[in-house]
Amino acid sequence: MTTAWISIKESRKAESIGQTVQVRGWVRTRRDSKGGFSFIEVNDGSCFGNLQVIADGSLANYASEITSLSVGSSVVISGEIKASAGQGQATEMFASEVRITGIASATDYPLQKKQHSFEKLREWAHLRPRTNTFGAVARVRNRLSFATHEFFQNDGFFYVHTPIITDSDCEGAGQMFRVTTLPLDKLPMTDGKVDMSQDFFGKSSYLTVSGQLEGETYATALGKIYTFGPTFRAENSNTSRHLSEFWMIEPEMAFFELTDNMTLAERYLKHMIREVLVHCPEDMDFFEKRIQPGVTAALQLVLDKPFTRMSYTEAVDILIKSGEKFEYPVAWGVDLQAEHERFITEKHIQGPVILYNYPKEIKSFYMRLNDDGKTVAAMDVLVPGVGEIIGGSQREERLDVLTERMVASGLKAEDYWWYLDLRRFGTVPHAGFGLGLERMVQYTTGMANIRDVIPFPRSPGNCDF
RNA sequence: UCCCUUGUAGCUCAGUCGGCAGAGCAACGGACUGUUAAUCCGUGUGUCGGUGGUUCGAGCCCACCCGGGGGAGCCA
């Protein structure tokens, strides 16, 4: 009879006591006891905690292998799960066999038993998921992704795969990564210009900055859709909240107006938070204790009360009347700066805020013009600590107004012929938004730098691994 | 891209006035009857980010370059 292989997660449950099983994982630490035996902490990533294994001196390879078993080594261990005699864990395993799969040389393995700075761990991005913090981040990120599909699927949305390579520039704002197969040392030139007709697609192509426009085409056919995929921005931004490659979730709904959009965004955020609190309690405990004290209480509070909704105009009023000294002055018509958004969400409301109806001049062409002629039906969801986590709007469904706004933004209507067709043929009011997954991970975990909530961060000057 | 700041042992950092490169942790050797960042004793660790300059002499002063962090802008 072979011994059943179970996860560390299972082995740590009291129900496993009395069973003889096998676990497989990596050594987190080894402590040699005075009594001629050793404690081995094994983790396999299935949960935050380790299984404490007691390896007795009577094991055949005790002196030859186990007493020199180093951090990071991989092991397959069989034994009986018993109630732990020591503090700090419910169960422990008494090993009958400790098989070493792969040694991690103690002198060469970069990760030590102690804490490393996140900056240093970024240099070891291939090994950092083996640490407490990055394991926990990975599991929370996974749960947020799962909760996303769960939420939209249960709500009648269809998951649509919008293209990664595109010829359209969604916001009309450049800053895209070019995709080309042309030889950079020998570009085909015509009349002093690079002849893009000779490129792979017969014209210029780029990595997508948003799947929104393509998403709208499916929303105006299937009703409610969402996209969930990587997006790319070639902006030279060096901050703790920006990445060159990040994952975005973009729902788009036909027959939705701005208030429907807000309600959906709020329900979606709350669903994700609830799922993480329910399914990742060990990981959240860690973030609470070691990363951001108060993070779980803040998330719990978010679940309990409705998001504040505030028009841009109200926000400007509040900022002006606050008496707060801002580096950038506030006035109706200027875009809100980070310090203004922070004041509103962190000091004035102390929770998530939905700002809406922004001046048309500071927002994109596709956002629906309000009846006042001055504002558009845009919305941003701001949360404490992170700032803007969602940006969205009701889309302009009137062909004439949209065309006018495009021209005013300096875009050529013929480039967007298919987008305008959605307004020519059976146009409907519709709305949608985009949520940055990494910002959501930051918000739920309290991790300060966005480069530490994605496995392999890409930022200006950094494309390692 | 701009402002501020930082780069010294495997890791975290100290290094005074310009004068022999030094601590803790890890590692390694040993001790210790159940440990939880185990403890105790002992041992070694170097392209001082790079290039050039000033100087009898540079980790330290100067110039340029590269990387990290914080803030700003752009946004999700």
Side-chain angles (χ1 to χ4, degrees), chain A residues 28-41 49-57 67-68 70-72 82 84-89 92 94 104-124 132 170-171 173-175 209-212 228 230-250 265 290 326-328 335-342 362-364 380-383 386-392 433-443 448-454 459-462 464:
Chain A
R28 279 295 174 83
T29 168
R30 187 196 83 244
R31 294 181 294 271
D32 296 330
S33 159
K34 303 164 196 170
F37 60 96
S38 298
F39 296 97
I40 307 169
E41 297 266 350
N50 306 323
L51 176 66
Q52 173 165 283
V53 173
I54 288 93
D56 193 74
T67 52
S68 57
S70 48
V71 176
K82 297 187 175 179
S84 178
Q87 299 292 306
Q89 60 278 320
E92 60 192 16
F94 281 72
S105 160
T107 46
D108 299 336
Y109 188 57
L111 298 180
Q112 299 173 5
K113 213 151 55 171
K114 63 173 200 164
Q115 286 189 8
H116 290 284
S117 69
F118 294 149
E119 292 80 28
K120 181 54 69 178
L121 286 170
R122 256 172 244 155
E123 297 174 22
W124 304 323
N132 284 336
C170 177
E171 323 264 330
Q175 309 278 41
V209 294
S210 165
Q212 183 201 314
F228 185 177
T231 44
F232 308 87
R233 307 269 167 101
E235 278 135 20
N236 189 10
S237 44
N238 291 286
T239 82
S240 56
R241 295 179 307 281
H242 291 86
L243 289 166
S244 309
E245 175 182 300
F246 64 99
W247 288 67
M248 192 152 64
I249 293 115
E250 295 179 287
R290 297 294 181 85
F326 295 111
E327 195 184 335
Y328 294 87
D335 210 353
L336 298 179
Q337 305 292 315
E339 57 175 342
H340 305 141
E341 294 185 345
R342 232 180 295 132
I362 59 174
K363 289 290 180 183
S364 295
D380 283 353
V381 181
L382 313 179
V383 295
V386 175
E388 186 180 340
I389 199 165
I390 282 179
F433 61 83
L435 172 128
L437 178 66
E438 286 75 18
R439 290 194 179 169
M440 188 61 197
V441 182
Q442 281 191 281
Y443 182 51
N449 196 311
I450 200 163
R451 299 173 193 200
D452 298 326
V453 299
I454 186 167
S459 54
N462 183 356
D464 296 332

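In what follows, every chain begins at residue 1, and chains take the letters A, B, ... in the order their sequences are listed.
Going from atom CD of A:Glu341 over to atom P of B:C74 covers 9 Å, rounded to whole Å. The interatomic distance linking A:Gln212 (CD) with B:A76 (P) rounds to 9 Å, in whole Å. Between A:Ile450 atom CD1 and B:C74 atom P there is a gap of 17 Å when expressed in whole angstrom units. Atom CG of A:Asp464 is separated from atom P of B:G68 by 9 Å (rounded to the nearest Å). Straight-line distance from the CG atom of A:Asn238 to the P atom of B:G73: 14 Å, rounded to whole Å. Look at OH on A:Tyr109: it is 14 Å from C1' on B:C11, rounded to the nearest Å. If you measure from atom CZ of A:Arg342 to atom P of B:G70, you get 13 Å, rounded to the nearest angstrom. The interatomic distance linking A:Ile454 (CD1) with B:A76 (P) rounds to 16 Å, in whole Å.
The same atom, C1', is picked in B:C25 and in B:G18; the two are 31 Å apart, to the nearest Å. Nucleotides B:A76 and B:C61 have their C1' atoms positioned 46 Å apart, rounded to a whole Å. Rounded to whole Å, the C1' atom of B:G49 lies 24 Å from the corresponding atom of B:G71. Look at the C1' atom in both B:G19 and B:C4: the space between them is 33 Å, to the nearest Å. Separating the P atom of B:C28 from that of B:C56 is a span of 48 Å, rounded to the nearest Å. Taking atom C1' on both nucleotides, B:G22 is separated from B:U43 by 16 Å, rounded to a whole Å. Atom name P, nucleotides B:A23 and B:G46: the rounded distance is 15 Å, in whole Å. On the P atoms, B:G10 is 23 Å away from B:U6, given to the nearest whole Å.
OP1 or OP2 of B:C2 has not a single side-chain nitrogen or oxygen of A:Asn236 nearer than 4.0 Å. Between A:Gln337 and B:A72, a side-chain N or O to OP1/OP2 separation shorter than 4.0 Å is absent. The side chain of A:Ser210 places no N or O atom within less than 4.0 Å of a non-bridging phosphate oxygen (OP1 or OP2) of B:A76.
Nucleic acid contact class of A:Thr231 (heavy atoms, under 4.0 Å, all strands): none. Among the protein residues, A:Arg451 comes within range of the sugar-phosphate backbone only, with heavy atoms under 4.0 Å from sugar or phosphate atoms but none that close to a base. Residue A:Ser70 is out of contact with every strand shown, counting any heavy-atom pair closer than 4.0 Å.
Panel note: side chain A:Ser38, backbone A:Thr67; no donor-acceptor pair is recorded below 3.5 Å. No donor-acceptor distance shorter than 3.5 angstrom exists from the side chain of A:Glu235 to the backbone of A:Ser244, with no hydrogens or angles considered.
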Nucleotide by nucleotide, 5' to 3', does protein get under 4.0 Å of the base (B), only the sugar-phosphate (S), or neither (-) in nucleotides 31-37 of chain B, counting heavy atoms?
-BSBBB-
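Applying the side chain to side chain contact (heavy atoms under 4.5 Å, CB included) test between A:Trp247 and each of A:Thr231, A:Leu435, A:Val441, A:Leu437 identifies A:Leu437 as the sole match.
Between the side chain of A:His116 and the base of B:C11, no donor-acceptor pair under 3.5 Å is found.
For A:Arg241, the side-chain atoms get nearest to B:A72 when compared with the rest of B:C11, B:A72, B:A76. If you check B:A76, B:G68, B:G71 against the side chain of A:Glu119, the one that comes closest is B:G68.
Of all non-hydrogen atoms in A:Ala265 and A:Ile390, the two that sit nearest each other are CB-CD1, 4.0 Å. Here the closest non-hydrogen pair linking A:Ser84 and A:Glu92 is OG-OE1, 2.9 Å. The shortest heavy-atom contact between A:Ala55 and A:Ile40 is CB-CD1, 3.9 Å. Residue A:Met248 comes nearest to A:Val209 through the heavy atom pair CE-O, 3.8 Å, listed as atom of the first residue, atom of the second, then distance. Closest of all the heavy-atom pairs between A:Glu388 and A:Glu341 is N-OE1, 4.2 Å. Minimum heavy-atom separation, A:Gly434 to A:Glu250: CA-CG, 3.9 Å.
Remark: A:His340 pairs with A:Leu319, A:Phe326, A:Tyr328, A:Val330, A:Leu336, A:Gln337 by the side-chain contact (heavy atoms from CB on, under 4.5 Å) rule, at least two apart or across chains.
Both A:Trp124 and A:Ile390 sit near RNA chain B, but only A:Trp124 has its closest nucleotide nearer the 5' end. Comparing A:Lys120 and A:Ala338 by the nucleotide of RNA chain B that holds the closest heavy atom to each, the one mapping nearer the 5' end is A:Lys120.
Between A:Lys120 atom NZ and A:Trp124 atom CH2 the span is 5.5 Å, to the nearest 0.5 Å.
In RNA chain B, runs of at least 3 stacked Watson-Crick or G-U pairs (N1-N3 plus N6-O4 or O6-N4, or N1-O2 plus O6-N3, all under 3.5 Å) give these stems: B:1-7 with B:66-72, B:10-13 with B:22-25, B:27-31 with B:39-43, B:49-53 with B:61-65.
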